[in-house]
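Here the structure comes first, spelled out in C-alpha cells, and everything after it is commentary.
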Amino acid sequence: MKNTLDLFHRITNDLLQDEKENPVAKHIPSSKLFETLDLSLKGDPLSEDEFEKVLKELVFASPRTATKGFFNQLFGGRNEKAILGELLAVMLNNSMYTYKAAGAQIGVEKVILREVCNLIGWDENSDGTLAPGGSMTNFMSMLMARDKASAKVSSQGLQQKMIVYTSKESHYSIPKNATFCGIGRDNVRYIPTDNQGRVEASHLEKMIEDDIADGGLPVMVNLTAGTTVLGSFDPIRPVSAICKKHKLWLHVDGAYCGSVMFSKKYKHLIDGIELVDSFSFNAHKMIGTPLSCSIIVVKDKKHLYDSFSNDASYLYQTDHDGFNLGKTSLQCGRRNDALKFWTLWKSVGTSGLEKIVDHLFALADTAREYVRNNKDYTLYSYDETIAICFNYKGIPARKICTLLYEHSELLVGYGSFKEDEFIRLITINAQNEHQDLLDFFKIMEQFVADNVALFEEHITV
Ligand SMILES: *Cc1c(COP(=O)(O)O)cnc(C)c1O
C-alpha cells in the first residue's frame, strides 16, 4: 500500500504543478481519444513503470475542473478539507447501510442530517439521507409524494393517473423521475414562470382544479432553489399554502443553490423552507465538496421509512433502525458521501460554510458588474444569483463556447431562457478570487481579438 500511496502523491503533485501553468487540459477530440491515449485493456500485466506512465498521461489529459479555467458546470474547485474526508472514506470503504458495517461513520451522517434539519427549524421528527446526486434525491422526493398520496401503489402499482407540477426552468430530472415513478412524463404539468424564470403561484390552483376535474390525482409540486440556467429561486410561501389546501407534497430542489441556507445574507432566497415536505441540496455544488454529496431532508421521517424500508434478515442483524441507515435509503450498499462534508464542516464551522456561500455571490457580483458596465456585453441575468448570463459583441454563445473549448482556452457553457441563448458563467468555485473572474473576461476577449476571422461575420458591436 505504501508504494501505491507514494505513486498517488507523485501523480497528484505533478498535476497540481502542471495545473498552475495549464489551467485547461489540451483538448482531445472524442474522435481521436483512443489513438491519443492507450486506454486498451490487455491480457498481460504492465510493468510498474509502464503503468505509472500510462496513468499519469491519463490524469494529465483529463478535464481540469478545479482550476480557474473551468466554469462549465455547477461544480468546480478543490476544497482541501473535503478532499481529505473523501480520501479517508475511500480508504475506510464503509458501507452506510448498517451500524455494524459503518459504525462511527453512521454518526457522521446522522450529525449532518440533524444539523441541516435544525437549521431549517424542524424538530426531532425530521430526518434525511444521502443519495448519488440531485437527480436521485429528487427521485426520492417524488417516490415519497406518490406513496403518501396512495398507500396502495407500493404493493399494487398505480391505481389512478397522478399529476406532478414543476416549471420549465426546473431540472430535467423531474420529468425523467416521473417516468421512473410510473407517473409518466405526460403527467408533468409546467407552471408558467415570470421574466426571471420563477414559478408564478397564481396559476397553480386552477391547474390543480382542472386536473382533479379531469379525474387526475395531483400529488406533488416541485420548486427550484437555483434554476439550472438562470439560478433563480421559486417562491415557497404562496405555493406552500396551495399545497396545504390540496394536500400535495411540496419538494424544493435546491441541488444548485439550496446551500444559501447557510448564509444569513442569502437564506431569504428560500424563505418559507420550513413549510415544505422535503428539501434537497448538493454540497458538491455551492459548498464545493467532491462529487457527489447530495442530501435530502424530510419534515416527517415516517415517509422515508414508508417508501424505502424493506426487511432483509441477511442484512439488518444488529442495532436500532435509527442507526441502520439502509432502512431509509434508495440503495443497499452505499458509499460514504457524508464524511467529506463533515470534515469540511467540522473544520470551518457553520460560519465557514456561510463564508463560502457569501464569497460565491460576491464573485458573481464582480462578474455581473463587469458585464453591466461594458458596452460590448449584453446581460441576461439578475442580481442575487451565481449565474452570469451574457453575450459578447453579439457573437452566438454556442460558437464562442465551443471554440474556447476546442482551443483549450476556457471551459464555459451556454444556456437559454425564452428566446435568448447566452454564455452562462457560474461562480461556483470558492477558491477563485475576484481577479480570476476578471481574467476570465480578459482571456475570452483576447481570444476573440486574436481570432477575428472566426467571428467577423457575427460581430455587431
Ligand atoms: C445539478 C442539478 C440537479 C441534478 O443534480 P445531480 O447531482 O447532477 O444529479 C438537479 N436539480 C438542479 C436544480 C440542479 O442544478
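Order of listing sets the numbers, starting from 1, for every ligand and every atom in it.
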Worksheet item: D337: what forms a salt bridge (charged side-chain N to carboxylate O under 4.0 Å, His left out) with it, not counting sequence neighbours?
Response: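 Applying salt bridge (charged side-chain N to carboxylate O under 4.0 Å, His left out) to D337 gives R335, K340.
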Enumerate the atoms of ligand 1 whose separation from the nearest heavy atom of [X] is less than 4.0 angstrom.
X	value
S135	4 (C), 5 (O), 6 (P), 9 (O)
T228	12 (C), 13 (C), 14 (C), 15 (O)
A255	2 (C), 3 (C), 10 (C), 11 (N), 12 (C), 14 (C)
H284	7 (O)
G133	7 (O), 9 (O)
H171	2 (C), 3 (C), 4 (C), 10 (C), 11 (N), 12 (C), 14 (C)

Worksheet item: Which protein heavy atom lies closest to atom 8 (O) of ligand 1, and at what distance to 0.1 Å?
Response: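 Residue, atom and distance for the closest contact: K285 NZ, 4.4 Å.
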Worksheet item: What is the nearest protein non-hydrogen atom to atom 13 (C) of ligand 1, stated with its residue, atom name and distance?
Response: D253 OD2, 3.4 Å
Establish, yes or no, whether a centroid distance under 6.0 Å links the rings of [X] and [Y].
X	Y	answer
F390	F422	no
Y392	F447	no
F441	Y377	yes
F279	W122	no

Fill in: Under 3.5 Å: N/O of T224 near N/O of ligand 1
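No, no N or O pair falls under 3.5 Å.
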Worksheet item: Would one find an N or O of G134, backbone or side chain, under 3.5 Å from an N or O of ligand 1?
Response: yes
Discussion item. Run the side chain to side chain donor-acceptor pair (under 3.5 Å) test against K301 and tell me which residues pass, sequence neighbours left out.
Written reply: none
Fill in: Residues S154 and D147: side-chain donor-acceptor under 3.5 angstrom
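Looking only at side-chain atoms, D147 and S154 do not form any donor-acceptor pair under 3.5 Å.
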Worksheet entry | K168 to Y190, cation-pi by 6.0 Å centre distance and 45° axis angle |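 Yes, K168 and Y190 form such a contact.
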Practice prompt. Would you please determine whether M136 falls within less than 4.0 Å of ligand 1 on a heavy-atom basis?
Written response: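 M136 does not count as a contact of ligand 1 under the 4.0 Å cut-off.
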Worksheet item: Among the heavy atoms of G226, does any lie under 4.0 Å from an atom of ligand 1?
Response: yes
Discussion item. Please work out, at 4.0 Å between heavy atoms, whether the side chain, the backbone, both, or neither of L74 comes within that distance of ligand 1.
Written reply: side chain
